[in-house]
**Q** 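One structure follows; several queries about it will come next.
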Amino acid sequence: MSGKTGETVKRYTMMMVGNLFIGICVGAYRLSAFGVDAFTCMNLGLSQFVGMSFGTWQLLVNVFILGLVFWKARGRIGPGTVVNMVGVGYLADFLCWLFLDVWQVEMTLPLRIAALLAGSVLSALGVALYITPELGTAPYDSLGLIVEDAAGGRVSFRSARVAIDVTAVVTGVVFCLLAGGELRLILGVGTVCNALFNGPMIQFFRTRVAEPVMNQH
């Protein structure tokens with residue numbers, strides 16, 4: 001295998017493994033029942049407010065953000081964008097179906113805590129692995145990178161991601177309350193952990209794991 005071919009295989013492998021981890025992460029968050037991630041929190045709150053199904057609303061939001069990414073940083077769009085947008089949700093659904101319907105696992109408190117911890121780690125590691133090869137990022141994940149690039153190094157990805165995640169959670173909570181929805185269904189300790197710590201953990205895994213693997217020859 002030539003050096004160029006091997007490099008390409010490594011980049012695509014990192015992208016696929018990263019998205020696999022993200023799909024498992026979303027499923028783990030749902031199994032933990034400790035709250036959803038920041039982006040899902042926002043979309044659940046807004047979809048209730050406008051009276052639209054969650055799936056349809058999230059698709060519209062992704063298309064809108066994708067348009068912004070195309071305008072500001074079209075280089076961020078690639079195979080990884082498509083894999084993330086199409087595959088993550090189905091993988092999360094499959095994981096929940098496998099645990100709850102096929103294996104009929106009783107999600108006791110220790111298992112819920114384990115699922116929360118696994119989701120938190122795999123979320124950050126997955127994003128770090130799939131954005132580092134620069135094969136395209138999901139619209140929402142691209143926002144932090146756009147802010148980082150636009151700031152010219154004055155704002156780190158970690159800080160931008162935390163600000164975006166916190167804004168997403170606050171938006172979801174406000175519109176959920178305005179719609180008279182049940183806040184407990186979208187907000188929990190998992191949501192808070194994701195909003196506050198996902199950015200720093202992604203940055204940690206980017207510099208300590210993903211970039212060293214990417215640069216290894």
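We use all heavy atoms of the structure for the numbers below, so side chains are in, but hydrogens, waters and symmetry mates are not. Each residue takes its place number in the sequence, starting with 1.
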**Q** May I have all residue pairs that pass ring-ring contact (aromatic ring centres under 6.0 Å, His included) and include part of residues 160-216, sequence neighbours excluded?
**A**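 Qualifying pairs: F49-F175.
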**Q** In the structure I gave you, are the side-chain heavy atoms of T81 and P139 within less than 4.5 Å of one another anywhere?
**A**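 T81 vs P139: side chains touch.
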**Q** What distance separates I77 CD1 from L135 CG, expressed to the nearest 0.5 Å?
**A**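 Between atom CD1 of I77 and atom CG of L135 there are 13.5 Å.
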**Q** Got L183 and L177 here, is their nearest side-chain heavy-atom distance under 4.5 Å?
**A**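 Yes, their side chains come closer than 4.5 Å.
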**Q** Considering residues at least two apart in sequence or located in another chain, which fulfil the side-chain hydrogen bond (donor to acceptor under 3.5 Å, both in side chains) criterion with N198?
**A**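 Result, side-chain hydrogen bond (donor to acceptor under 3.5 Å, both in side chains) vs N198: S123.
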**Q** Within a strict 4.5 Å, meaning less than it, do heavy atoms of the R161 and Y140 side chains meet?
**A**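 Heavy-atom side-chain distance check passes, below 4.5 Å.
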**Q** Got D165 and D37 here, is their nearest side-chain heavy-atom distance under 4.5 Å?
**A**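 No, every pair of side-chain atoms sits at 4.5 Å or beyond.
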**Q** Looking at every heavy atom in both L129 and P133, which two are closest together, and how far apart are they?
**A**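 Between these two residues, the closest heavy atoms are O-CD, 2.9 Å.
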**Q** Can you get from V26 to I113 by hopping between Ile, Leu, Val, Met, Phe, Trp and Tyr side chains that sit under 4.5 Å apart?
**A**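 Different clusters: V26 never reaches I113 through Ile, Leu, Val, Met, Phe, Trp or Tyr contacts under 4.5 Å.
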**Q** Which heavy-atom pair separates I186 from C176 by the least distance, and what is that distance?
**A**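 Looking at all heavy atoms of both residues, the shortest contact is CD1-CB, 3.7 Å.
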**Q** Is M201 reachable from L125 through a run of hydrophobic residues whose side-chain heavy atoms are each under 4.5 Å from the next?
**A**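 Same cluster: L125 reaches M201 through Ile, Leu, Val, Met, Phe, Trp or Tyr contacts under 4.5 Å.
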**Q** Name the one of R11, E134, R206 that satisfies side chain to side chain contact (heavy atoms under 4.5 Å, CB included) with M214?
**A**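 It is R11, the one option of R11, E134, R206 that forms the side chain to side chain contact (heavy atoms under 4.5 Å, CB included) with M214.
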**Q** For G27 and A92, which heavy atoms make the closest approach, and how far apart are they?
**A**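 Heavy atoms only, the tightest pair is N-CB, 3.6 Å.
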**Q** Please tell me if the side chains of L60 and F64 come closer than 4.5 Å, counting only heavy atoms from C-beta onward.
**A**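 Contact flag for L60/F64 side chains = no.
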**Q** Tell me whether the count of non-hydrogen atoms from other residues, nucleotides or ligands lying under 6.0 Å of NZ in K72 goes above 12.
**A**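 It does not: K72 NZ has 12 such atoms or fewer within range.
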**Q** Would a 4.5 Å heavy-atom cut-off, applied to side chains only, mark L143 and L68 as touching?
**A**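 L143 reaches L68 side chain to side chain.
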**Q** Establish whether V170 and V50 are linked, either directly or via other cluster members, by ILVMFWY side-chain heavy-atom contacts under 4.5 Å.
**A**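 Linked, V170 and V50 end up in one cluster.
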**Q** I want to check something: taking the side chain as every heavy atom from C-beta on, are N194 and Y29 in contact at a cut-off of under 4.5 Å?
**A**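 Contact flag for N194/Y29 side chains = yes.
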**Q** State, yes or no, whether a side-chain contact exists between V61 and F39 at a heavy-atom distance under 4.5 Å.
**A**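 In short, these two side chains touch, coming nearer than 4.5 Å.
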**Q** N84 side chain to G80 main-chain N or O, any donor-acceptor pair under 3.5 Å?
**A**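 No; zero donor-acceptor contacts below 3.5 Å.
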**Q** Write down the atom of Y130, the atom of G18, and the distance for their closest heavy-atom approach.
**A**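 Answer, listing the atom of Y130 first, then G18: CB-CA, 4.0 Å.
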**Q** Can you tell me how far OG1 of T13 sits from CG of L20, rounded to the nearest 0.5 angstrom?
**A**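 L20 atom CG to T13 atom OG1 measures 12.0 Å (nearest 0.5 Å).
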**Q** Sorted by first residue and then second, give each salt bridge (charged side-chain N to carboxylate O under 4.0 Å, His left out) pair with at least one member in residues 92-105; sequence neighbours left out.
**A**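 Qualifying pairs, neighbours excluded: R30-D93.
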**Q** If you round to the nearest 0.5 Å, how far is CG of L59 from CH2 of W57?
**A**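 W57 CH2 to L59 CG: 11.5 Å, rounded to 0.5 Å.
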**Q** Nearest 0.5 angstrom please: I22 CD1 to D141 CG, how far?
**A**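 CG of D141 is found 6.0 Å from CD1 of I22.
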**Q** Rounded to the nearest 0.5 Å, how far does CG of L31 lie from CD1 of I24?
**A**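 Taking CD1 in I24 and CG in L31, the distance rounds to 11.5 Å.
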**Q** If you take all heavy atoms of G144 and A160, which pair is closest and at what distance?
**A**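 Of all heavy-atom pairs spanning G144 and A160, the closest is O-CB, 3.9 Å.
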**Q** Tell me whether S120 contacts the main-chain N or O of G190 through its side chain, where contact means a donor paired with an acceptor under 3.5 Å.
**A**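 The answer is no, because no donor-acceptor pair under 3.5 Å joins these two groups.
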**Q** Is it possible for you to say whether L91 and M14 belong to one hydrophobic cluster, with membership spreading through side-chain heavy-atom contacts below 4.5 Å?
**A**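 Yes, same cluster.
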**Q** According to a hydrophobic-cluster definition based on side-chain heavy atoms being under 4.5 Å apart (Ile, Leu, Val, Met, Phe, Trp, Tyr only), do F99 and F21 belong together?
**A**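 Yes; tracing contacts between hydrophobic side chains, which count when under 4.5 Å, links both residues.
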**Q** Ignoring hydrogens, what is the shortest heavy-atom contact between L100 and M107? Give both atom names and the distance.
**A**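 Closest pair (atom of L100, atom of M107, distance): CD2-CG, 4.1 Å.
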**Q** Could you state the interatomic distance from CE (M42) to OG (S47), rounded to the nearest 0.5 Å?
**A**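 Spacing of CE (M42) from OG (S47) equals 10.0 Å.
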